[in-house]
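Report on the following structure.
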There are 2 protein chains.
Amino acid sequence: MAFATLHDVAEAAGVSYATVDRVVNARGGVSQKSVLRVQAAIKQLGYARDVSAANLARKRVYRFLFLLPEDHNDFFHSLYSALQSHAQRPNLLRIAVTTTRLPAFSEKALIEALARIDPATVDCACVVALDTPAVNAAVQRVRAQGVKLVTLVSDIDAASRDAYVGIDNYVAGKTAGRMMGLCHGRQPGLVLPIIGTSRAHDHIQRLSGFLEIMQAHFPQITLLEPVTSRDEAATIHRELDDIWRAHPNLTGVYNMGAGNDGLVAWIRGITGRDRPFMVIHELLPNARTALEAGLVDAVIDQKPKEIITRTMDAMRLLVDGEALPTPAPVITPAIYLCENLPDTPKETDWMPSND
Amino acid sequence: MAFATLHDVAEAAGVSYATVDRVVNARGGVSQKSVLRVQAAIKQLGYARDVSAANLARKRVYRFLFLLPEDHNDFFHSLYSALQSHAQRPNLLRIAVTTTRLPAFSEKALIEALARIDPATVDCACVVALDTPAVNAAVQRVRAQGVKLVTLVSDIDAASRDAYVGIDNYVAGKTAGRMMGLCHGRQPGLVLPIIGTSRAHDHIQRLSGFLEIMQAHFPQITLLEPVTSRDEAATIHRELDDIWRAHPNLTGVYNMGAGNDGLVAWIRGITGRDRPFMVIHELLPNARTALEAGLVDAVIDQKPKEIITRTMDAMRLLVDGEALPTPAPVITPAIYLCENLPDTPKETDWMPSND
DNA sequence: CAAAAAATGATTGACGTCTATCATTTTTGC
DNA sequence: GCAAAAATGATAGACGTCAATCATTTTTTG
């Protein structure tokens, strides 16, 4: 009554269960006439496959391995936590996750970790890659053993991996730019961009998105030469002190890397004139506190939970040998002001993806 | 090897499957000693119940009924679409959703619909309620027949229903206020709030949140008396024409109701001076287009999909007789600028797609 | 120590789907 | 109209858990 089963479909279509099974699982060898009758019955009964039963019968188990950089970098840290909390969810779809953290930017460590992957215990690996020939080769060696491979955040040669789940730092930078521009209310201003290192792909992309929006839509705002912080709080603090003295008319700061603690400490010490507008990245506890305290105006967040969910979706599809959605869905950054901060503690979202 | 089963647990604990089953399903009649051994084995093996298999064996089917207002109101429309798209998702958790739309604000229609609920075919109903004694009584009559009842967005007496899933329009209004304030870049301004009807709870809440933030944090901005639009595009257009003429220094408009088409049409016609900053609600296609065209600055969105997900979570827990999380999780509004718009979702096939 | 009570073991049939095998019927080609 | 090919039917054993029954063992109690 409530839910039609394949047996119901078979009866309604006037064929045997075996034929229905051949149709829904595309096994072939069914006449056009039967296919149509089955499809009609499915539609008529509103049949929907019971995925639980299907996965059970298929004995599907997904064993995933994540290789993440072990970095102070805020973003990877939040990615890691998202992965941890995901792993603790009730076991709806039989996913077993193993995580290994590697020294950041170490080609050698990455290649070794890739070589250590055991095809007998891993169905699909997810790697924050470095785009070098040696890594490409190592990845292909893994894949040759039947392990699917997904690159995350940082891609390699498209032919070397099975899929790539990216975040659009360019869009994140543009969003930050729009936010910064709006904060100036059509007034002129002087804005300082801070990047972590000029070597990091993601910071470069954020910067170019930011600059593009600022120049295109807010020409009355002057941009200072970007400062490099090496993601160190102390460096940021020092640099800001200098610039603040040199530019009494500074109206905005956009930090696209880590080191927000130094930034916040510096703001706390400002006296005499209005602090500049502050736009920073990643909604971590310190950023949250700063927002709530009114020390920062906006936080651009890459939604690590959503990234993890999307990645796992892709990995599942790969292991099942199914087609990945094209174009790959893009995760757009969220904007947090101090009023719309999400609830902190309980992560009870254990519904399957989709949101 | 990959996943331990209850049989594995039984073996590891040195007891029979039956005993393990008694422990994990709390059937009682097990000695303390055995309980401990089973728990130890579960922990040691990292056993996690296979929810798919469990649900299958339990024959759990959740039959949910939604009673939603049939309104032009943008918000309920997006809520309805979210529900539709949720219903089309692959059938992971065996949820059957029926939706009935009712004339908005009609107490009579609501009570009749509640009376029509058949306990034999509905496990849990979700209602956008009206807080009147007659509705309260009708709700209690439904519950007396064993149907769980959740109120959505608009609550009634807490004792009358099983749960309430709310949205915080106050927070939404505050977020809009912050956004509007920031757009003024510490400059003075003159801002017009537009509400749908002064009778609608949600608009009142948005308004008070908006006013509170504006007064507390942006005192240099003057607020005009809120205009009532009855959510009609034509009314908004006309009112704005008048106000725009009467107040040459208008710098911002916040529309907390529907009727954004009229608003956008009006903006299109502006010449001579800068348009005011525009903050509106609900990321519907027209709002999206307006954002992309640069006719609107920010859209505050209540994330209807997330609301639906949360509601279904609560309904499931109720039907299972489990405890609801307290305090109820709050959904915070999202802020969209023209750079961080999400991908438009695409439709799925009718065919039973796995996963 | 025997009887009663409590705990445990052993087993079975669902649940809906997958996968496989084998027998039977229908269609096609000549 | 006959053989070969294609399509269909019938059936059965998983998958991991739930829920139930009944037999057996162990512990408690007087």
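In the text below, chain A, chain B and the rest are named by the order of the sequence lines, each starting its count at 1.
- Considering only side-chain N and O atoms, B/Thr19 lies nowhere under 4.0 angstrom from the phosphate OP1 or OP2 of C/dA7.
- Comparing D/dA19, D/dA7, C/dA7 by their closest approach to the side chain of B/Ser31 singles out C/dA7.
- Panel note: side chain A/Tyr47, backbone A/Asp8; no donor-acceptor pair is recorded below 3.5 Å.
- Between the CD atom of B/Gln32 and the C1' atom of D/dT27 there is a distance of 16 Å, given to the nearest Å.
- Side-chain proximity of A/Arg49 to the nucleotides D/dG16, C/dT17, C/dT8 is greatest for C/dT17.
- Listed nucleotides: C/dG9, D/dT17, C/dT17. Nearest to the side chain of B/Asp50: D/dT17.
- A straight line from CG of A/Asn25 to P of C/dA20 spans 11 Å, rounded to a whole angstrom.
- For A/Arg27, the side-chain atoms get nearest to C/dT19 when compared with the rest of D/dT17, C/dT19, C/dT8.
- Which of D/dC18, D/dT17, D/dT8 sits closest to the side chain of B/Ala53 comes down to D/dT17.
- What separates CG of B/Asp21 from P of C/dT8 is a distance of 13 Å, to the nearest Å.
- Considering all non-hydrogen atoms of both residues, A/Leu318 and A/Lys148 come closest at O-CE, 3.6 Å.
- Taking for each of B/Arg58 and B/Lys33 the nucleotide of DNA chain C with the nearest heavy atom, the 5'-most of the two is the partner of B/Lys33.
- In this structure, A/His7 atom NE2 and C/dA14 atom C1' are separated by 13 Å, rounded to whole Å.
- At the heavy-atom level, B/Ala54 lies under 4.0 Å from the strands shown only through sugar-phosphate atoms.
- Atom CG in B/Leu36 sits roughly 15 Å away from atom C1' in C/dA7 (whole-Å rounding).
- The existence of a salt bridge linking A/Arg316 and A/Asp313 is confirmed by a sub-4.0 Å separation between a basic side-chain nitrogen and an acidic carboxylate oxygen.
- The nucleotide whose nearest atom lies closest to any side-chain atom of A/Lys59 is, among D/dC15, D/dT17, C/dT17, D/dC15.
- The two residues B/Leu284 and B/Ser78 make their nearest non-hydrogen contact at CD2-CB, 3.8 Å.
- Comparing B/Ala57 and B/Gly28 against DNA chain C, the residue whose closest nucleotide sits nearer the 5' end is B/Gly28.
- Considering only the side chain of A/Arg94, D/dG16 comes nearest among C/dT19, D/dG16, C/dT8.
- Rounded to an integer number of Å, the gap from CD1 of A/Ile42 to C1' of C/dT17 is 13 Å.
- Under 4.0 angstrom from either OP1 or OP2 of D/dA20 there lies no side-chain N or O belonging to B/Tyr17.
- If you check the side chains of A/Ser31 and A/Ser34, you find a donor sitting under 3.5 Å from an acceptor.
- Of the candidate nucleotides D/dC15, C/dT17, D/dT17, D/dC15 has the atom nearest to the side chain of A/Leu56.
- Rounded to whole Å, atom P of D/dA19 lies 11 Å from atom CG of B/Asn55.
- Side-chain contact of B/Asn136 with B/Arg141: a donor-acceptor pair under 3.5 Å is absent, judged by distance alone.
- If you measure from atom CG of A/Leu6 to atom C1' of C/dC18, you get 10 Å, rounded to the nearest angstrom.
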